[in-house]
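Accompanying notes for the structure given below.
Only a predicted model underlies this, so the values are computations on that prediction, with no experimental measurement involved. Order of the sequence lines fixes the chain letters, A, B, ..., with proteins taken first and strands second; residue numbering starts at 1 for each chain.
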There are 2 protein chains.
Amino acid sequence: MKKTHSPAPQHVEVASVSDATMRRFVGYRMKRAFNVVQEDLARVLKPFELRMLTYTALVLIVDNPGMRQSQLADAMDIERPNLVVLIDELERRELIVRDRVPTDRRAYALKATLAGLRLYDRAVAAVAAHEARLLDGIDQDSIATVLAALKTIENARQGD
Amino acid sequence: MKKTHSPAPQHVEVASVSDATMRRFVGYRMKRAFNVVQEDLARVLKPFELRMLTYTALVLIVDNPGMRQSQLADAMDIERPNLVVLIDELERRELIVRDRVPTDRRAYALKATLAGLRLYDRAVAAVAAHEARLLDGIDQDSIATVLAALKTIENARQGD
DNA sequence: TATTGTTATACTCTATAACTATA
DNA sequence: TATAGTTATAGAGTATAACAATA
């Protein structure tokens with residue numbers, strides 16, 4: 001069903017493009033929304049010289065001091081090799097440290113430094129403000145519904 | 001706040017990781033859910049030798065015969081240069097054609113071939129079934145709420 | 001001048017295999 | 001033998017500048 005009278009689009013979009021099939025294509029809708037979130041988040045994190053991945057790693061380490069890299073990779077849903085460079089970067093900036101685990105000398109216990117904690121405080125506040133702005137038009141019940149649905153989708157992951 | 005008694009996690013996860021801060025980090029939750037959707041979609045599209053991007057392009061072209069590449073890039077939320085290789089790929093496989101537009105010889109009118117239409121039919125059906133499976137645990141009202149919320153987020157895009 | 005499609009290029013994120021040092 | 005972290009590498013996806021042809 002094509003829109004013949006485009007009802008004042010919020011942002012520039014191809015008014016004549018039919019999305020009859022796409023409208024219910026959840027992957028497509030999620031991607032478009034996630035693009036906006038990601039793009040906007042990148043802008044918010046830029047002053048802190050953080051990207052979504054480094055921010056996520058920092059937050060998880062601050063909230064879970066002593067966690068291992070493999071646990072962090074799992075929590076971030078990325079492969080271990082890809083985590084290494086992220087941790088390298090955070091360590092080089094002296095935001096976190098890799099402490100040896102005495103009981104298992106293969107592993108590292110990740111901990112935030114004081115500088116890491118300070119950056120965490122500022123960045124978390126900025127991101128919270130950013131997301132509040134992004135979700136401005138959506139009521140709390142709907143947000144709860146969305147988060148629950150996202151969690152359900154996560155758990156619906158097929159055979160790993 | 002750390003969970004001391006992990007409540008039977010559906011899939012393998014680091015039980016001891018606190019997500020107090022992350023739980024309300026919408027970008028993170030969206031990313032994890034989108035990862036699952038994307039990963040699962042890739043598996044569904046593989047038999048058709050399509051990826052999410054080529055599938056999306058094909059669907060939009062079938063639904064909007066004659067559309068221009070710049071319109072398609074806009075609809076897909078990607079840059080024009082990145083669309084070129086996707087169109088090349090679909091054209092090489094003879095699923096679509098680039099027709100010259102007589103009134104504007106700079107532009108191409110994109111159209112699906114018969115083979116493209118046939119692949120479209122099969123792929124759309126497979127994706128619909130796939131998404132139905134993925135959204136199985138979520139009621140229709142919630143799905144509508146989620147789609148509306150995703151649309152709101154899309155439109156909340158900051159200064160382009 | 002501006003726009004359509006294009007080329008070239010670089011950067012980020014992701015995925016896999018294979019290595020090392022420990023367990 | 002298995003696991004934690006690492007290296008190397010290749011593949012996607014994305015973003016920007018600059019160009020030719022056309023408007």
Main-chain N/O of A:Ser142 paired with A:Asp139 side-chain donor or acceptor, under 3.5 Å: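 Yes; judged by distance alone, with no hydrogens or angles, the pair exists.
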
Salt bridge A:Arg51-A:Glu89, side-chain N to carboxylate O under 4.0 Å: yes

How many Å lie between [atom1] on [X] and [atom2] on [N], as a whole number?
X: B:Asn35; N: C:dT14; atom1: CG; atom2: P; answer: 7 Å
X: A:Ile87; N: D:dT7; atom1: CD1; atom2: P; answer: 13 Å
X: A:Leu86; N: C:dT14; atom1: CG; atom2: P; answer: 9 Å
X: A:Leu72; N: D:dT3; atom1: CG; atom2: P; answer: 19 Å
X: A:Gln71; N: D:dA4; atom1: CD; atom2: P; answer: 9 Å
X: A:Asp99; N: D:dA4; atom1: CG; atom2: P; answer: 18 Å
X: A:Glu79; N: D:dG11; atom1: CD; atom2: C1'; answer: 14 Å
X: A:Glu39; N: C:dT12; atom1: CD; atom2: C1'; answer: 15 Å

OP1 or OP2 of D:dG5 under 4.0 Å from side-chain N/O of A:Ser70: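 True: A:Ser70 side-chain N/O within range (under 4.0 Å) of D:dG5 OP1/OP2.
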
Contact under 4.0 Å: A:Arg51 side-chain N or O vs C:dC13 OP1/OP2: yes

Could you check whether [X] gets within reach of a base, just the sugar-phosphate, or nothing at all, counting any heavy atom under 4.0 Å?
X: B:Ile78; value: sugar-phosphate
X: A:Gln69; value: sugar-phosphate
X: B:Asp104; value: sugar-phosphate

Aromatic contact, A:Tyr55 with B:Phe25 (centres under 6.0 Å): yes

Residue whose nearest DNA chain D nucleotide is more 5′ - A:Asp88 or A:Arg106: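 The residue mapped nearer the 5' terminus is A:Arg106.
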
Earlier contact from the 5' end, DNA chain D, for A:Arg100 and B:Pro102: A:Arg100

Choose from [options] the nucleotide whose nearest atom is closest to any side-chain atom of [X].
X: B:Val84; options: C:dT4, C:dT6, D:dA23; result: C:dT6
X: B:Arg80; options: D:dT6, C:dT6, C:dA23; result: C:dT6
X: B:Pro81; options: D:dG13, D:dA17, C:dC13; result: D:dA17

same_hphob_cluster(A:Ile87, A:Val97) at 4.5 Å side-chain heavy-atom cutoff: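 Different hydrophobic clusters.
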
Common cluster, A:Leu147/B:Ile153, ILVMFWY with side-chain heavy-atom separation under 4.5 Å: yes

Position toward the 5' end of DNA chain C (nearest nucleotide), A:Asn82 or B:Tyr108: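 Between the two, 5'-proximity favours B:Tyr108.
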
